[in-house]
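Below you'll find the structure, written out as structure tokens, and then a few comments.
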Amino acid sequence: MSTLSPGLRPPPVRPAAAAAASEPRAARFRLSPADRGVLWLYLLTRISLWITAHFARWLFPAQSGVREAAPVLAPFQHWDANHYLHIARDGYFPAGAGPGASGWDNREAFFPGYPLLLRAVHTVVPDWTAAGLLISFVAGAVAVLALARIARAYLPEEGAGHRTAVLFLLSPCAVFLAAGYTEALFLAFALPAWLAAMKHRWALAAVLTTFGTAVRVSGLFLAAAIGLVFLLSARTGRRWRPAGWTLLPALPPAAYSWYLHAHTGDWMAWKHAQERGWYRTFHAPWEAWANTWTGAFGGTQSTGYAFMFQAELAAMVVGLALVALLVRRRRWPEAVYVALSLWALGTSYWYTSVPRATLLWWPLWIGLAALSLRRPWFRTVYLCVAAPVTTLVALTFLTGRWAG
């Protein structure tokens with residue numbers, strides 16, 4: 001069987017009935033000692049990040065000479081977190097405002113799954129920012145637990161799940177898993193959906209992926225990958241009856257497009273909002289690379305923005321290398337998922353949010369864990385490089401300096 005990296009093997013494909021029979025229902029939700037170790041690691045990294053946020057608001061105030069630190073939750077009140085808060089609090093088109101209005105914030109670019117959940121949690125958590133942090137905290141725990149279980153299914157080595165979780169939680173953009181962003185919530189649906197697809201539980205995989213498509217457009221890339229898993233397994237086992245489930249994830253984007261059309265007359269209003277607000281007009285991949293390179297090294301941007309463009313380029317190179325490795329190892333579903341993500345991010349005027357997208361590429365973290373388990377020196381190198389970079393990225397976000 002082909003592998004993602006030497007010795008990295010997916011579990012053997014089994015019919016859904018046999019898989020379900022071999023795993024009692026209660027066992028699916030029982031936490032093993034390895035699971036508890038991963039959750040303990042997750043909690044420790046959250047505490048570390050909260051400590052960093054606490055010191056950041058004292059040491060790096062927004063204005064010089066102030067005598068009081070910013071509010072406790074202020075480090076997490078930046079950029080997309082505010083967009084989601086405004087949508088959850090005021091809706092997409094408050095007081096009849098919309099595209100074309102003066103000062104419009106293009107909020108329809110953001111899918112409704114997270115704002116809807118944020119509004120629901122706000123009914124019991126009065127502070128909006130705290131409600132968003134609670135969502136990310138719970139969702140992140142689900143996501144990292146599912147990631148560790150996927151890693152243990154792929155890797156035969158002892159401690160594979162824990163090692164994958166370490167590399168993932170100390171990745172450069174890990175701060176976004178804790179902020180009021182969609183990465184943690186999306187992964188809380190996407191990774192269990194992948195686990196379900198691995199075990200041929202197509203209905204469960206489809207429902208979880210449907211929640212994912214309500215949160216991010218990346219859910220459609222996940223749906224395509226899981227659809228390919230189904231086709232490959234159905235072709236060998238000739239089990240086509242669950243095929244209808246693969247269409248379910250299209251419903252949330254379709255419903256959202258219908259909603260936007262009813263208010264704006266534009267079926268693709270979310271895409272056009274991204275184009276207006278974030279330069280996501282279509283450009284050929286080589287044009288996007290050239291424009292990002294100019295921003296990074298052409299002296300056209302301030303040093304802060306130039307650094308961000310350099311990070312975008314580095315993340316794109318990592319993504320392309322990952323796709324090439326997945327194709328080489330004939331891991332077609334995973335390759336489709338990452339390739340679609342790269343295509344969406346790599347065909348704008350310039351790259352935006354590619355480093356954050358690395359959090360969603362679970363084959364990357366499993367592959368790095370496989371390498372570190374076979375080459376112990378790699379773990380040392382990774383941690384020595386990742387520790388300062390992760391801290392730097394966290395500080396730039398928590399102090400309001402992320403976008404330059």
Side-chain angles (χ1 to χ4, degrees), residues 4-5 79-80 106 109-111 171-173 176 181-183 186 190 212-213 216-228 250 253 257 267-302 304-365 367-368 389 393 402-404:
L4 178 60
S5 66
W79 297 290
D80 289 4
N106 300 302
F110 300 92
F111 276 37
S171 61
C173 288
F176 293 100
Y181 276 56
T182 59
E183 278 77 7
F186 174 76
T213 58
R216 294 177 64 101
V217 70
S218 308
L220 294 175
F221 311 152
L222 174 67
I226 290 181
L228 183 53
S257 294
W267 290 100
M268 296 296 291
W270 63 271
K271 179 66 169 63
H272 297 148
Q274 291 186 355
E275 293 173 355
R276 291 191 304 269
W278 292 270
Y279 300 97
R280 293 195 181 276
T281 53
F282 179 81
H283 285 72
W286 50 90
E287 293 177 335
W289 175 274
N291 292 334
T292 309
W293 184 275
T294 299
F297 302 108
T300 61
Q301 305 291 330
S302 63
Y305 280 109
F307 172 78
M308 294 303 171
F309 282 124
Q310 292 168 22
E312 298 284 348
L313 291 170
M316 179 60 69
V317 171
V318 170
L320 293 173
L322 176 61
V323 171
L325 180 60
L326 290 168
V327 170
R328 180 182 178 185
R329 301 298 180 182
R330 298 184 180 180
R331 299 301 305 157
W332 305 118
E334 294 94 328
V336 164
Y337 172 73
V338 179
L340 288 174
S341 175
L342 290 177
W343 178 261
L345 295 169
T347 53
S348 301
Y349 176 78
W350 50 31
Y351 301 156
T352 305
S353 302
V354 184
R356 277 171 48 200
T358 61
L359 293 170
L360 311 183
W361 302 340
W362 70 86
L364 172 63
W365 309 111
L368 292 178
V389 174
V393 171
W402 170 248

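Computation of the quantities below employed the complete heavy-atom set of this structure, encompassing side-chain atoms and omitting hydrogens, waters and symmetry-equivalent molecules.
- Contact between Asn106 and Gly277 at its shortest, heavy atoms only, is ND2-CA, 3.6 Å.
- Contact detail for Ala224 and Leu340: the closest heavy-atom pair is CB-CD1, 3.8 Å.
- In this structure, the separation between CH2 on Trp332 and CG on Leu228 is 9.5 Å, given to the nearest 0.5 Å.
- Using a 4.5 Å heavy-atom threshold, the side chains of Trp350 and His283 count as separate.
- Ala311 and Pro355 get closest at one heavy-atom pair: O-CG, 3.6 Å.
- Rounding to the nearest 0.5 Å places OG1 of Thr358 at 10.0 Å from CZ of Phe176.
- Atom OH of Tyr305 sits about 12.5 Å away from atom CD of Glu312, to the nearest 0.5 Å.
- Checking side-chain atoms of Arg280 against main-chain N and O of Thr352 turns up a donor-acceptor pair under 3.5 Å.
- Considering CD of Gln301 and CZ of Phe309, their distance stands at 5.0 Å, rounded to 0.5 Å.
- Ring centers of Trp362 and Tyr337: under 6.0 Å apart, within the cut-off.
- No donor-acceptor pair under 3.5 Å is formed between the side chain of Gln274 and the backbone N or O of Tyr279.
- Between atom CG of residue Leu345 and atom OG of residue Ser218 there is a gap of 7.5 Å, rounded to the nearest 0.5 Å.
- Between Met316 and Thr292 the shortest side-chain heavy-atom distance does not fall below 4.5 Å.
- The side-chain heavy atoms of Pro253 and Leu220, taken from C-beta on, include a pair separated by under 4.5 Å.
- Note: Asp80 CG to Ser353 OG = 7.0 Å, rounded to the nearest 0.5 Å.
- With Asn291 contributing its side chain and Tyr349 its backbone, the two residues share a donor-acceptor pair below 3.5 Å.
- Looking at every heavy atom in both residues, Pro285 comes nearest to Trp343 through CG-CZ3, 3.8 Å.
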message: Is there a side-chain contact (heavy atoms from CB on, under 4.5 Å) between Trp270 and Val217? Walk through the geometry before answering.
response: CA-CA 10 Å; Trp270 63 271; Val217 70; 3.9 Å; yes

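- For the residue pair Gly319 and Val338, the shortest heavy atom distance occurs at O-CG1, 4.2 Å.
- Aromatic pair Trp79/Phe110: centroids not less than 6.0 angstrom apart.
- In this structure, Leu342 and Trp361 have side chains that are in contact, with non-hydrogen atoms separated by less than 4.5 Å.
- Between the Trp289 side chain and the Gly346 main chain, no donor and acceptor come within less than 3.5 Å of each other.
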message: If you apply the rule side-chain contact (heavy atoms from CB on, under 4.5 Å), what do you find for Met308 with Trp402, and how did you get there?
response: CA-CA 8 Å; Met308 294 303 171; Trp402 170 248; 3.7 Å; yes

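- Annotation for Ser341 and Ala357: closest pair OG-CB, 4.3 Å, computed over non-hydrogen atoms.
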